[in-house]
There are 2 protein chains.
Amino acid sequence: MNQAAAIARFEALASAVRLDVYRLLMREGPGGMVAGEIAAALELAPTNLSFHLKCLSRAGLVTVVQEGRYQRYRAHLPSMLEVLTYLTEECCGGAPELCAELATFSARLGAQAGKRG
Amino acid sequence: MNQAAAIARFEALASAVRLDVYRLLMREGPGGMVAGEIAAALELAPTNLSFHLKCLSRAGLVTVVQEGRYQRYRAHLPSMLEVLTYLTEECCGGAPELCAELATFSARLGAQAGKRG
DNA sequence: ACAATAATTCAATAATTGTTGTAGAGTTGA
DNA sequence: TCAACTCTACAACAATTATTGAATTATTGT
């Protein structure tokens, strides 16, 4: 993961609308939601939601698949794992035992992400 | 943790300068760095660095303590834990076993944060 | 083919954020 | 007290981001 990709993901979550959308999709889990459902749940204008969904998907934080005339969105856990790994790379140069714990945590989140797709 | 605080933290990391600073402080670990050292390491103008450090500290991602005429900055792990918890609250409503794994991960990062202060 | 539905793209406007230079507040050591 | 040093506060300019409405693309069912 490079710096530009990490910034795109932080920018994506640095907006009230997008943070609400992402957390909603997190709560919804593997089933995901179609755009209209998200708009109804958060009371957003379709145009505005579309703008923010595109931002989230371009950042890699959510995935989209077309279902007929609907677009189904899902939170994408592996991309969050990548961000956390990027943040904590070479962490605690003077205290390597802490880094071992981070590695363990990453492995756990990674295993979970595998189940979600 | 509320939405506004979470947004402040994502905004804080959604800038190349601040992301570099945060990762540098992460690598440096508990010892932290004074502003001048950070400026030298990243080749930043003092005024500009000060602006970004304030943003990071107001967001709670770094801590500052005064040491004589120096200001020492350190990455603050508990605030990162809070953000992750906020993101994954009520995660995977339809698959509770995944949430159990997230709880485990949070506990681990929490224990680590305790050592760092 | 047609009308209805779902979602996006585009263009215009409003609002926010980043960078730079100058000045100033606090600390140190003689 | 004075000069040197570290860092921050303020103001001005440049650049980016968010929201809205109208129009467009694509799909469904009759």
Side-chain angles (χ1 to χ4, degrees), chain A residues 3-25 28 31-76, chain B residues 3-25 28 31-76:
Chain A
Q3 190 204 52
I7 289 173
R9 289 176 191 179
F10 287 120
E11 277 178 350
L13 294 173
S15 139
V17 170
R18 293 190 296 264
L19 189 51
D20 286 347
V21 170
Y22 186 77
R23 296 215 314 150
L24 179 61
L25 290 175
E28 200 62 22
M33 294 175 81
V34 301
E37 291 172 342
I38 300 171
L42 301 178
E43 297 183 357
L44 295 167
T47 300
N48 196 18
L49 175 61
S50 187
F51 170 82
H52 290 296
L53 283 172
K54 186 176 178 181
C55 181
L56 283 165
S57 62
R58 287 182 71 91
L61 289 174
V62 305
T63 60
V64 204
V65 297
Q66 184 162 355
E67 294 184 356
R69 68 182 114 178
Y70 301 90
Q71 302 284 322
R72 181 166 297 273
Y73 288 87
R74 294 181 174 88
H76 189 243
Chain B
Q3 190 204 53
I7 289 172
R9 288 176 193 180
F10 287 121
E11 277 178 349
L13 294 173
S15 138
V17 170
R18 293 190 296 265
L19 189 51
D20 285 347
V21 170
Y22 186 77
R23 296 216 312 152
L24 180 60
L25 290 175
E28 199 62 21
M33 293 176 79
V34 300
E37 291 171 343
I38 300 170
L42 301 179
E43 298 183 356
L44 294 167
T47 299
N48 195 19
L49 175 60
S50 186
F51 170 83
H52 291 296
L53 283 172
K54 184 177 179 182
C55 181
L56 283 166
S57 61
R58 287 182 71 90
L61 290 173
V62 306
T63 60
V64 203
V65 296
Q66 183 160 355
E67 293 183 357
R69 69 182 112 177
Y70 303 90
Q71 303 282 322
R72 182 166 297 273
Y73 289 88
R74 293 181 175 89
H76 187 243

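Every chain is numbered from 1, with letters handed out A, B, ... down the list of sequences.
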task = First locate atom CD1 of A:Ile38, then atom CD of A:Gln71, and finally report the distance between them rounded to the nearest 0.5 Å.
result = 10.5 Å
ask   = Between A:Arg58 (CZ) and D:dA18 (P), how many Å, whole number?
value = 13 Å
inquiry  = Please report the end-to-end axis angle for the helix from C:dA1-D:dT30 to C:dA30-D:dT1, five pairs per end, rounded to 10 degrees.
reply    = 40°
task = Using a cut-off of 6.0 Å, state whether more than 12 heavy atoms not belonging to B:Glu43 lie near its atom CD.
result = no
Between N or O atoms, less than 3.5 Å apart, protein on one side and nucleotides 7-14 of chain D on the other: list the pairs.
unit_1	atom_1	unit_2	atom_2	d
D:dC7	OP1	B:Ala35	N	3.3
D:dC7	OP1	B:Gly36	N	3.1
D:dC7	OP2	B:Gly36	N	2.9
D:dT8	OP1	B:Tyr73	OH	2.3
D:dT8	OP2	B:Ser50	OG	3.2
D:dT8	O5'	B:Ser50	OG	3.3
D:dA9	N6	B:Thr47	OG1	3.3

inquiry  = Rounded to whole Å, please give me the gap between CD in A:Glu11 and P in D:dT16.
reply    = 11 Å
message = Without decimals, in angstroms, what is the distance between A:Arg18 CZ and D:dT19 P?
response = 8 Å
message = Please check this pair: side chain of B:Arg58 against backbone of B:Ala12, looking for a donor-acceptor N/O pair closer than 3.5 Å.
response = no
inquiry  = Just so I know, are the side chains of A:Arg23 and A:Leu19 near enough to count as touching, which here means a heavy-atom distance under 4.5 Å?
reply    = yes
Donor-acceptor contact present, side-chain B:Arg18 to main-chain B:Glu11, <3.5 Å = yes
inquiry  = In the structure I gave you, are the side-chain heavy atoms of A:Leu61 and A:His76 within less than 4.5 Å of one another anywhere?
reply    = no
key: Distance in angstrom units between B:Ile7 CD1 and D:dA18 C1', rounded   = 13 Å
note = Only residue of A:Val65, A:Val62, A:Leu25 satisfying side chain to side chain contact (heavy atoms under 4.5 Å, CB included) with A:Arg74 is A:Val65
inquiry  = In the structure I gave you, are the side-chain heavy atoms of B:Leu49 and B:Leu42 within less than 4.5 Å of one another anywhere?
reply    = no
Heavy-atom pair with the smallest gap, counting every atom of B:Ala41 and B:Met33 = CB-CE, 4.4 Å
task = Could you tell me from which nucleotide to which nucleotide of DNA chain C, 5' to 3', there is an atom under 4.0 Å from chain B heavy atoms?
result = C:dT17 to C:dT28
ask   = Rounded to the nearest 0.5 Å, how far apart are OH of B:Tyr22 and CG of B:Leu53?
value = 13.5 Å
